[in-house]
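Here the structure is laid out as structure tokens; the discussion comes afterwards.
So that the names make sense, note that chain A is the first sequence line, chain B the second, and so on, each numbered from 1.
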Amino acid sequence: MTFPMLQKSLHKRRGSAGAEIRRWLWKSILPASILAFWALATRFHWVDRKIWASPAQVWQATLGLNRDGFLWLALGESLLRDLAGFLLGAAAGLAAGGVLGWSPWAYRLGAPTLHFLKAIAIFAWIPLLTMVFGIGEASKIVFIALAAFYPAALNTLEGIRSVPKSQLELARAYRLDPWQRLRKVILPSALPSILTGVQVALILTWLATVGVEYFMSAGPSVGGILLNGAESFHLEIVFIGIILLGSVGFALNQGAHALGRRLLRHRPQTLKA
Amino acid sequence: MPWAGGFSAIDRKPLKPEVDIMTTKGILEIRNLGKAFPANGRKGSLQALDGINLSIRPGEFVSIVGGSGCGKSTLLRLISGLDDEFQGEISIGGAPVRGTSLDRGIVFQDLRLLPWLTAEANIALALENSGLSKADKRQAVAEHLKLVGLEKFAQAYPHQLSGGMSQRVAIARGLVNRPGLLLLDEPFGALDALTRSRLQAELERIWREEGITMILVTHDVEEAVFLGDRVIVMEPGPGRIRRELRIPLPRPRRRSDPRFLEIKEDILREFTGPETAEAESLEPAGRPLAEARLDWAA
Ligand SMILES: Nc1ncnc2c1ncn2[C@@H]1O[C@H](COP(=O)(O)OP(=O)(O)O)[C@@H](O)[C@H]1O
Ligand SMILES: [Mg+2]
């Protein structure tokens, strides 16, 4: 029997530092090329310089804008708002998806409505939200929460409903009570799907945050920077907003995937998110 | 080797409250059992089992052989109480079987190890409601990992185990809470010949020492004869009992014993004889029958 081989596979394999660096180089080829092309395009006036700012100008504007730490403040505002909406929406989504997945009654009652509501683009909620919650912070957070709610709810629901019959039967054979069944079988079985929901929710809430800040003009914030740059025709400011938006989105995505990999580290590769 | 110590060396406390043991001390009576599955939307159009009569006394070892699709797994499911929808009666000691019981263990044909639990935790799942203390649970799990020779793999996850190892984990999980009745659905199918005969011997020993009633479904006629007090031969369409043989050989049995071979040949003839023309689907074409192990994939 191949004991040593299997024992070895119990430990995680890790790439060497050299391989890690090579991977990073590969990843940065395209962004670096785009940056270079942008610099050349503005330097040699391939684009209208009255509209297009050069990378150097964007950098100058960034330093200028951040003189009193304004960018950090704006970023912090946006992240805090995102976090509040995410927590609210993801928690509600997990709960709703859990109940709908758990109880066939609740499913028959609630699932059609959920699917109908899901089909409404979330920006369509803004008029209603502003009418109910005003144009203050509450409206924005509820809007962001909505963005988190659907993926969290639907993936949780799906994950729970697709727990294999065979696993539920196993729970029955060992006479697990509902709580044991939930803890030992249903939640772990649904976990990959739930995590996917949370990951999607995390990405969508960030986009929703910046979007709602833009449309409902929040003060210092990433969306606010975009709005400001657009209204004053300062493309370098718009670029700052875009870069902030993209960087945070990228970081959230990476973080969510790392978390997913960690939580599912013992699953066969095919199950990993 | 892991099993050198064997199970007999282990001094164990009784695992279950008295009440549970009572339930399987009686005779398992199966009367006129039938099971129909709805097929193609028409209700009851697939008769998986029909007119099964079987009576198994406590502590008996019964082997069930038969081709794929003759309802062997269905029969075990009904006995285990996982499926309460059937015609006829199943009772133990006069009490009808309703729902599952920790005293009726089952080793599923498809194993059903939970992929997010280690081998150890998968086995421990069977003890979740055993009423044992944490320490006793841990000890019972360790003993059974040892029994199936996987103590080094306590922390391995199912996807890190070979098919045979997974099967051994499933067997350990079936045994760990010492059910009064253990249903085994082709438990040795994926094992190599050496491990299989070892585990067969080990299973026989546990059966002898613990007095557990065992019903073993297998497609290996030799295994059925080696282990069974009785061999039940089933046939499909609808699933029925075709024949029942008592195996009068003393234990431990020797596979080379002429009487053993004779009984084995006798059973094999059920699947090849001229009078079974209508059952030809049982036998995969071109398979050398000299090998007792018929690979009726189930
Ligand atoms: N859940 C089910 N739904 C419908 N048909 C089933 C189901 N389970 C088993 N059957 C059918 O019942 C018959 C017997 O199946 P099974 O008990 O698995 O046979 P075996 O274990 O002897 O191979 C087969 O024809 C199978 O297709
Ligand atoms: Mg079967």
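More than 12 heavy atoms of other residues, nucleotides or ligands shown are found within 6.0 angstrom of CZ on A/Arg183. Within a 6.0 Å radius of NZ in B/Lys134, other residues, nucleotides and ligands contribute 12 heavy atoms or fewer.
Side-chain contact between B/Leu113 and A/Gln167: absent, with no pair of heavy atoms (C-beta onward) separated by less than 4.5 Å. Using a 4.5 Å heavy-atom cutoff, the side chains of B/Glu128 and A/Tyr174 are not in contact.
Between the CG atom in A/Leu168 and the CZ atom in B/Arg112 there is a gap of 10.0 Å [rounded to 0.5 Å]. Taking CG of B/Asn177 as the reference point, atom CZ of A/Arg175 lies at 12.0 Å (rounded to 0.5 Å). Atom CG of B/Leu117 is separated from atom NZ of A/Lys184 by 7.0 Å, given to the nearest 0.5 angstrom. Atom NE2 of A/His266 and atom CH2 of B/Trp116 lie 14.0 Å apart (nearest 0.5 Å). The CG atom of B/Leu82 sits 13.5 Å away from the NZ atom of A/Lys165 when rounded to the nearest 0.5 Å.
Of the listed residues A/Ala171, A/Pro164, A/Ser166, the one with more heavy-atom pairs under 4.5 angstrom with chain B than any other is A/Ser166. Comparing B/Ser80, B/Ala126, B/Ala121 by how many heavy-atom pairs each has under 4.5 Å with chain A, the most go to B/Ala126.
Both the backbone and the side chain of B/Leu125 have a heavy atom closer than 4.5 Å to some heavy atom of chain A.
Here the closest heavy-atom approach between residue A/Ala173 and residue B/Ile106 is recorded as CB-CG2, 4.3 Å. Taking both residues in full, the closest heavy atoms of B/Asn129 and A/Leu176 are given as ND2-CA, 3.6 Å, listed atom of the first, atom of the second, then distance.
Comment: A/Glu169 engages B/Arg77 in a salt bridge, judged by a side-chain N to carboxylate O separation of less than 4.0 angstrom.
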